[in-house]
Amino acid sequence: MVHVYNCHPFASQHIVSAEQEPGLVCCGGGALFVVSAGGCRIEAYELQREGCPLICRFSSMGSVLSIRHCAAGDYLVTIEEKNKATYLRAYTNWRYQAVEKTRVGVRLLGHLLRGSSFRGTPKEQMEIIEIPLFEPPLCMACCSLTGDLLVGCAKSLVVFSLKRQTLSEQLSVLDFERVLILHIQGWSPSQVAFCAGYIALQTELEVLVIKLTPRQKSSAAAEEHTLLPEDIMSETSIDEDAEMAKDGFSPLHAQEDFFLFPRHQEMLGNEAQECGISLVLEWTGMEAESQGDMSVVYILFRRFAPDFFQGCSIEETHLHSLQLHPMFTGKREEASISKGREPTCMFVFFSLPNTGYMYSLKNTVELVSTYQYPEKTHQAVLSDHFLYIITRSALQCFTVRCSAVAARVDDPYIDTTMKACPPITMEVCALRIQLFIGLKLLCQDGNQIVLLTAADVDSKEDTERTARRNTSRKSSVCKPPEPSDSAHGWNLYVITSVSTLQLYREIVEYSKRYEQSSASSQSCVHLLSEGHLLLRTALLLQDCESAERAQLQQAFQESCAHLGDCFGRFEKKDCHLALPYYKMSGLTVTDVIKRNMSSVSNGYGKGFIFFLKHSLYEETMEELSKDMADKVLEIFSVAEPAQLPHVVSSPSMLNADPDRAVTHLRRLEASGAPSITLALCMASLALRKGDLHSYSQQMDRHAEMLQVYGFIEEPKLLLHGRGKAVLPTTLAQHLHHTHEGLLVAAVVALHENSKIRLEEADLFFQELCKDGVEADSSPQLLVDFWEALLVASSHDAIIQELLFRLTSVYIDRISRGDRSSVKALKTAEDLINSCSHYGVLCPWVSILTPVQFNITHHQEDLHKLQSLLCGPSLEVSSILPLLEQLSDSDPTGLSIHLLCATKLGQHETSINRLLDRCPEAIISYANHELQNHKLSLWWQKLFPEVCDRIRTGGKDNTVLLSALKETLVVAAKELNPLEFLDLLPDDGAAHFFLPHLLQCSQ
């Protein structure tokens, strides 16, 4: 279904004063080209100036059958007929014909670029370039981006590349080079289109779109597109039908005994290569070797069957108006200058007499819009803003969805809670149907539309229709009209489109008619969406001045506000779209509330409530005034009472009256709502009022664990903001001074339930403790949180990060000799008992650093660090740089260094250091660490080291002798007698070693 409105997209129209009746017209580059009815004279008029003054006129070399203008290169290309022969010619530098008696040069394609001489001084002259072809040309198309030319023939397509050669500083000439021939088997195009490597072909009832792309040698799919070698064309395959005819077998389409009706068929993307139309590439240009790696990719194939309805006969049912339409979202100058730049979107349009089709070709191939015409059309032209069609008696202007497709390619945030855009599938509409008499031709350039009308006295259609009407009326006898002259009048109109802003404002006013009848009218939303797309198109194209762009941006935000209002009133379908449209409007939440308060007669719509709820949750809105905050409480108490705890906790609601808020919450609690979060909310409101008694009553209603669940349900009770701006609430500050354990447990629960990130929790605790007695950047409450989170977390990345942070803090405090009076929530013993990452202290560590009766905070940090190093999780290699600030000159530092060295496998070094610094711990160390594959170190390393130190140690060597005895006991158990004898020193006393030797022998 196509909606039809009565807007005014056309600003003015005037008649072009052509001397002779036009036969063909085309426009481009700000000029209108009129071919006289005789076909041998071309006139150019300036479209942008009032009255369309004549630029120049010149004669063609033959009768023009078809004409096109190419913006890139500003040249004309024609298919001409002379002496029953068909020619293809290009007219370059045609603007020089504005000067009378200017020379005209005629040459063959490639005459300059193939090395032939250009004698004499270069002249400013129009040139007619003769383009030879193997077959007569049937149709042609120009690429508006590169200026390249595509020519369709009966059995092939020929691509010519536009070349520019500079003859002097002021003068350059254009030429063409034939670079590619696409041989088509059994398919003759009636119309072609060409743009940015895309090629569209059309017969009476079929459309094929392909693209020339670099070949992916590893891709099997790419190989399928080249059906034969590039420079070889099988004559048998080309002339297959002819060979069959020689043998007496005519192809079906050549037989006259019956008519074969094709069936409807649509193939998109890779499916299109199964259409049965084979294309073979033959590169002919000078750069053929480098371009030979190109292949054909099939994009779209569509076949139609003839329709037997809506007044179209089988003969009249054929496709027309094939067009490829690129859309850029950057500056138009960059798009036209840079040949390498790909358009953001590419569309193809084609039309049957009663239906038009527009497909999007880039990324995903899909049908964007279907246009159902009210009557049979003759021609259609697609532009960025509109689709223009002409029927026998009317010019019609339809909306398009180009900008809706381009916006989604250009901005990934479209169709999220951040941004929105009317859907691609939204039904198109006709903004205007302008009546004319005898419309024949249509063309468009920029904001100018050109129409050719020729009023026939009676066409064949009229005669047939009158005859049918007369035969059906038995009571009346009418004489059929007599034929007369073919025509008695013609006109050439130039119609100027109104500005985007003017049309948008008219659409807004038009939509108010529907809004008055129904606040949630779909027609109102449809019109506002069309206006929104018009503005979005203008902004995407970026082809306007900065002042006009500012006005467009302002109107765009206004259109977002209007759409937000519409979707805000919706109850079910699409009500969620109020949120992104209001966000895009630039309005504050206060402004949005005021807009919706003015239309509250039927209650608040779900879309508005959805917007308000998400704005409060996302904490992106401004802090509301007292009156507005109280109004929000009233809105939710009526619309969604269950959301009141979340609303009250929002940072935007800090100015709300606490007594009113408590009244609403008590009413909600009386209705049977869960009471944990409600109790916490009322406790928070009591703190705002300074009522500690009410606060205590509410907090005592539930156990701590249940309160933690309440904080998980509503995190904003403890903290406001996200990212780099996290602030503790009044309740959090109070818990910091009165109940730190509950506060830490709540934040750990928030992290584990993905309500807060680790970095945000760090900021929260740092902000909470910034006025405390601790001067460092890691206050004890933050360390308590890390320790508690280490106990609870199961994510390896979080665990390693926490281990590193805690190790860093412990080492820093130990190296500074921190004597802080702030007590940790958990002791080292608590962590060892509750957390698997903290290990039991090794016995030799306790000898190095014995536990004192009065444990200080410094010793607690030391024991926690030692416990982490004794545990299984800490990666010692990650903390080695931190050890540089910790000296090993005292037992505290020595124990940490030895633990790290041992975990890294440096047992021999550790043995030396222990024997030098604390030999009392060496046997305990060896018993704990020298096990399994390290057991041999008892006699290979420890025994000789102890012996050496006894020799050089003097008389007081009791500790070393004891260590030697323990070493001998282990060696005697593990070695055989011969190995044990080899181990004994030559200067040893026999009576000392003999008992161990006997033990080894037994």
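Just so we're clear, the structure is a prediction, and the values are computed from it rather than from any experiment. Computation of the quantities below employed the complete heavy-atom set of this structure, encompassing side-chain atoms and omitting hydrogens, waters and symmetry-equivalent molecules.
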Test side chain to side chain donor-acceptor pair (under 3.5 Å) applied to H863 and Q859, step by step: CA-CA 6 Å; H863 292 163; Q859 286 181 315; 5.6 Å; no
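- Side chain of R917 to backbone of N912: no donor-acceptor contact under 3.5 angstrom is found.
- The OG1 atom of T738 sits 9.0 Å away from the CG atom of L743 when rounded to the nearest 0.5 Å.
- Note on E787 versus K864: salt bridge recorded, some NZ/NE/NH1/NH2 to OD/OE distance being below 4.0 Å.
- Enclosure of atom NZ in K689 by more than 12 non-hydrogen atoms of other residues, nucleotides or ligands within 6.0 angstrom is indicated.
- Between E860 and K826 there is no salt bridge, since no side-chain N of the basic residue sits under 4.0 Å from a carboxylate O of the acidic one.
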CA sep, side-chain torsions, deciding dist, call: T849, Q866, side chain to side chain donor-acceptor pair (under 3.5 Å): CA-CA 10 Å; T849 55; Q866 291 171 338; 3.1 Å; yes
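- Atom SG in C947 sits 10.0 Å away from atom CG in L960 (nearest 0.5 Å).
- By the 4.5 Å heavy-atom criterion applied to side chains, V840 and S867 are not counted as neighbours.
- No donor-acceptor pair under 3.5 Å is formed between the side chain of W844 and the backbone N or O of H928.
- Between the side chain of Q707 and the backbone N or O of M699 there is at least one donor-acceptor pair closer than 3.5 Å.
- Other residues, nucleotides and ligands place more than 12 heavy atoms under 6.0 Å from the NZ atom of K934.
- Pairing each heavy atom of I922 with each of A963, the nearest pair is CG2-CB, 3.9 Å.
- Residues W939 and T967 have side chains not in contact (no heavy-atom distance under 4.5 Å, counting atoms from C-beta outward).
- At least one side-chain heavy atom of M653 sits under 4.5 Å from a side-chain heavy atom of S650.
- Side-chain atoms of N753 do not come within 3.5 Å of backbone N or O of K755 as any donor-acceptor pair.
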Evaluate the criterion side-chain contact (heavy atoms from CB on, under 4.5 Å) for residue pair L668 and L644; output intermediate values, then yes/no. CA-CA 8 Å; L668 176 62; L644 279 172; 4.3 Å; yes
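- Ring centroid separation for the pair H702 and Y709 does not come in under the 6.0 Å cut-off.
- In this model, no donor atom of one side chain and acceptor atom of the other lie less than 3.5 Å apart for R805 and Q800.
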Give the intermediate values and the outcome of side-chain contact (heavy atoms from CB on, under 4.5 Å) for residues E713 and H646. CA-CA 9 Å; E713 186 176 347; H646 310 292; 4.2 Å; yes
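- Contact between E752 and A792 at its shortest, heavy atoms only, is OE1-O, 3.7 Å.
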Check the pair R701 / E669 against salt bridge (charged side-chain N to carboxylate O under 4.0 Å, His left out), numbers first and verdict last. CA-CA 14 Å; R701 291 175 57 186; E669 188 177 25; 2.5 Å; yes
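- Checked by atom type, the side-chain pair Q733/H737 shows no donor-acceptor distance below 3.5 Å.
- A distance of 4.5 Å separates CG of L862 from CD1 of I814, quoted to the nearest 0.5 Å.
- Judged purely by atom type and a 3.5 angstrom limit, H739 has no side-chain atom pairing as donor or acceptor with the backbone of H734.
- Inter-residue side-chain proximity for Y695 and L731 is flagged as met; some heavy-atom pair is nearer than 4.5 Å.
- In this structure, OG in S836 is found 8.0 Å from CG in L790, a value given to the nearest 0.5 Å.
- Residues V747 and L789 fail the side-chain proximity criterion, which asks for heavy atoms closer than 4.5 Å.
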Could you give me the CA-CA distance, side-chain angles and deciding distance for H751 and E760, then say whether side chain to side chain donor-acceptor pair (under 3.5 Å) is met? CA-CA 9 Å; H751 181 274; E760 294 172 338; over 6 Å; no
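- No donor-acceptor pair under 3.5 Å is formed between the side chain of D861 and the backbone N or O of R813.
- Panel note: side chain E966, backbone S962; no donor-acceptor pair is recorded below 3.5 Å.
- Salt-bridge annotation for E618 and K716: absent, with no side-chain N of the basic residue lying under 4.0 Å from a carboxylate O of the acidic one.
- For the pairing with F711, the side chain to side chain contact (heavy atoms under 4.5 Å, CB included) check across L719, I676, L717 returns one residue only, L717.
- To the nearest 0.5 Å, the span separating CH2 on W786 from OG on S793 amounts to 14.5 Å.
- Between R913 and D916 no salt bridge is recorded (no basic side-chain N to carboxylate O distance below 4.0 Å).
- No option in C900, S815, S808 other than S808 meets the side chain to side chain contact (heavy atoms under 4.5 Å, CB included) test with L882.
- Between H736 and C769, the closest side-chain pair of non-hydrogen atoms falls below 4.5 Å.
- A donor-acceptor distance shorter than 3.5 angstrom exists from the side chain of T416 to the backbone of Y413, with no hydrogens or angles considered.
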Apply side chain to side chain donor-acceptor pair (under 3.5 Å) to Q766 and D762, showing your working. CA-CA 6 Å; Q766 288 171 359; D762 294 346; 5.9 Å; no
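- Atom CD1 of I896 is separated from atom OG1 of T807 by 9.5 Å, given to the nearest 0.5 angstrom.
- P872 has its side chain out of reach of H837: every pair of non-hydrogen atoms, C-beta onward, lies at least 4.5 Å apart.
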For a side-chain contact (heavy atoms from CB on, under 4.5 Å) check, start with the C-alpha distance between S649 and C681, then their side-chain angles and the critical distance, and finish with the verdict. CA-CA 7 Å; S649 305; C681 286; 3.6 Å; yes
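- For the residue pair E929 and T902, no side-chain donor N or O sits within less than 3.5 Å of a side-chain acceptor on the partner.
- A 4.5 Å side-chain heavy-atom check between T729 and L687 finds every atom pair outside the cut-off.
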Show, in sequence, the C-alpha distance, side-chain angles and deciding distance for L968 and F943, and conclude whether the side-chain contact (heavy atoms from CB on, under 4.5 Å) test is met. CA-CA 8 Å; L968 287 170; F943 180 80; 3.3 Å; yes
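- Looking at T827 and D830, their side chains do bring a donor and an acceptor atom within 3.5 Å of each other.
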